[in-house]
Protein chains: 2
Amino acid sequence: MDFGSDRRATINDVARHAGVAVKTVSRVLNGERAVSDTTRTRVQASIQALDYRPNAAARVLRKRVSRSIAYVCEDIAEPVQARLAGAIEAVAVEADAAMTVSVTHHDPAREQSVIESLLSRQVDGIVLWPTGVRSRFLERLGRIVPVVCVDRPIPGVETDSVFCDNQRGAEEGVSALIAAGHRRIAFVGDLPELFTQAERFTGYKQSLYAAGLAPDDRLVFRRRQDIPALAKQLAYWQLLPDPPTAIFAASSLSATTLVRTLPATADLQLVGFDDFPLADVVRGGISVISQEVPTMGTAAAQAIFRRLSGDRTGFTHTRVPPTFIPRNLVVRADRQSESFSRR
Amino acid sequence: MDFGSDRRATINDVARHAGVAVKTVSRVLNGERAVSDTTRTRVQASIQALDYRPNAAARVLRKRVSRSIAYVCEDIAEPVQARLAGAIEAVAVEADAAMTVSVTHHDPAREQSVIESLLSRQVDGIVLWPTGVRSRFLERLGRIVPVVCVDRPIPGVETDSVFCDNQRGAEEGVSALIAAGHRRIAFVGDLPELFTQAERFTGYKQSLYAAGLAPDDRLVFRRRQDIPALAKQLAYWQLLPDPPTAIFAASSLSATTLVRTLPATADLQLVGFDDFPLADVVRGGISVISQEVPTMGTAAAQAIFRRLSGDRTGFTHTRVPPTFIPRNLVVRADRQSESFSRR
DNA sequence: GTGAAAGCGCTAACAT
DNA sequence: ATGTTAGCGCTTTCAC
């Protein structure tokens, strides 16, 4: 075991081997046209013979671009963030660039430190899934390197962005429940201060409003949740004179926790935001609003490369509409005893 | 928008600003001790004042190490591979290194091309989830840079490795079924030529053998699978004079496809290899053998850094035992009509 | 179409 | 404890 102990060939070695100047080798490497076919062939043969690989560090030092983009997210093990990584990587390799992945674990301090490290490494751009905490550092970041925010913005800081159209998605899901005859629809979500949660809640209320249904604060649960907390909430709902017949779960965590909490026989229709594995199976199939993750990742990475190719126009804000996947959503005649307006 | 147009400060600027030589700044940057406290403080102040960030490219060019490791996998969106990425990244940041992620999509040609690109970028080591196809290139790779294989080896090539103990895991799962009174246990797996599948099948047979149960080829299904194919196989099994009462699914894909295929009422006990979301819920809870992904990722990344810190001893081969998670595994008295040996 | 020389920003080697 | 010089491997500039 003796990694690279035999000094790797440099451009000088290739030039000597081919009997040309280094600049000529450089021209071949970079596909510049001002090289005769014979020279080019000879140089390429020498490259082969010496197993030469250009030293990216030297090239970066000289050209000041690294052909590498960074993806900074909260948790690469989380399915949506992992799939986004796949889409970004695909665009990167296509552009002959590398993708580094850094993880913040929702920690603003770590967010700053990993980004500092990336800047030191001369990354050409950053796809950022922000922690959602503003800072002087993040305010200036966009001046140093192209930044595209995904999932949510940096509060108070404008960057290029690619978000899911959360409100529209939620509207679609809740409207489907209304169309299926539900009039009492509960909302289960995460902390209200989260950007995506706020948008989805707005969509929920908007759909109720459009259908002429009165919102009811008692049907809204927006807290960090676990099975005991949800069990308690469900028990409370059952005691209401007019209990909910359906629940809109504003995150896949909410939806899966509900699945684990609800008795198998509970007569409650579920719609969830974000698809999740086996959503097609549990409780006879749960309808979901599914984010178009590949589309979002591709758009985010392309936004970076657009900036790199010199585009200095204003910020672009892309909203990717999610897809509603109906599953086991049957119209329930018994729930339509009262007439009400429907979209 | 004008990324970094104002030339970024260099070590020269800092030296001038602090009134010292560049080498002194370099010493402060690298934490060398041979600097007086007063100079150090002054240099650090200048670094702050100029918002100086060392240029990693120049450093890499000079020091010949990049403090970056590569994770090359088949599909970063796949849960196990994504979680492994998280564990590797954690070790990397701890070592002040970056992690790049490259994806092969099971394509040996792409595997080679992404690795070539990484070598050009001077990565210090590679954690490789191989496509499983041998090549001259991969044979030589270990001579150029430290390589740790995860999940499976490069056929015919020895490297450091961190694998799941597939056989032992399968034995544990099948033994649990036997202990619960099952005598007719079917095997559902992916293509037999896959390394992990072969090991898990060995474990399955070994458990049957140890319990004195006769293996039955009719109960073995090892093919690329979908719902129609599995439905056909299940129908066939039901027609046997002695149909299986349990199934060992050798991958989470097999297990989830079975869940989608089996009628809800089917009286078949399932044990799966690899945990999967909602395995605790579907069919009353499915027992699984769960890989210790964080342990594996940490071990793999550490193996790289061990090599980087100069360890040139022989290859290490780490087998991480998976954990059996019993769920809803009841001993079925009616299945114990015949006596048989049990471990 | 090709080449020589300078220099990107840093650190190793060798002063002092 | 601090400084000077050379050079890592490449591309840029400018010659020819």
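So that the names make sense, note that chain A is the first sequence line, chain B the second, and so on, each numbered from 1.
A sub-4.0 Å separation between OP1 or OP2 of C/dC8 and a side-chain N or O of B/Asn55 is absent. Phosphate proximity of D/dT2 to B/Thr39: present, with a side-chain N or O under 4.0 Å from OP1 or OP2. Regarding contacts with the backbone of C/dG3, a side-chain N or O of A/Thr24 is found under 4.0 angstrom from either OP1 or OP2. Regarding contacts with the backbone of D/dC10, every side-chain N or O of A/Ser26 stays at 4.0 angstrom or more from both OP1 and OP2.
Residue contacts shown for A/Lys23 include a base, since a base heavy atom lies under 4.0 Å away. Using a 4.0 Å heavy-atom distance criterion, B/Val20 is classed as a sugar-phosphate-only contact.
Rounded to a whole Å, the CZ atom of A/Arg42 is 12 Å from the C1' atom of C/dG1. As rounded to whole Å, 18 Å separates atom P of D/dC8 from atom CZ of A/Arg59. The CD-C1' distance, from A/Gln122 to C/dG9, rounds to 9 Å in whole Å. Rounded to whole Å, atom C1' of D/dT5 lies 13 Å from atom CG of B/Asn12. Regarding A/Arg40, its CZ atom lies at a distance of 10 Å from the P atom of C/dG1, rounded to whole Å. What separates CZ of A/Arg121 from C1' of C/dG9 is a distance of 16 Å, to the nearest Å. The separation between B/Leu61 atom CG and D/dG9 atom C1' is 5 Å, rounded to whole Å. Between A/Asp13 atom CG and D/dC10 atom C1' the separation is 13 Å, expressed in whole Å.
Checked options A/Val148, A/Ile115, A/Thr104, A/Asp151; the residue passing with A/Leu128 is A/Ile115 (criterion: side-chain contact (heavy atoms from CB on, under 4.5 Å)).
Side-chain atoms of B/Arg62 come within donor-acceptor range of the base of D/dG7, with a qualifying N/O pair under 3.5 Å. Between the side chain of B/Arg27 and the base of D/dG3, a donor-acceptor pair under 3.5 Å is found.
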Could you give me the CA-CA distance, side-chain angles and deciding distance for A/Gln44 and A/Gln48, then say whether side-chain hydrogen bond (donor to acceptor under 3.5 Å, both in side chains) is met? CA-CA 6 Å; A/Gln44 273 159 350; A/Gln48 287 282 326; over 6 Å; no
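In summary, the side chains of A/Ser161 and A/His317 do present a donor paired with an acceptor at a separation below 3.5 Å, with no hydrogens or angles considered.
Of all nucleotides listed (D/dC8, C/dT2, C/dT11), C/dT11 comes nearest to the side chain of B/Lys63. The side chain of A/Val35 lies closest to C/dT2 when the candidates are D/dG9, C/dT2, C/dG9.
Using a 4.0 Å cut-off between charged side-chain N and carboxylate O, A/Arg307 and A/Asp160 make a salt bridge.
Both B/Ser36 and A/Leu29 lie near DNA chain D, and the one whose nearest nucleotide falls closer to the 5' end is B/Ser36.
Closest approach of B/Ile154 and B/Thr159 over heavy atoms only: CD1-CG2, 4.4 Å.
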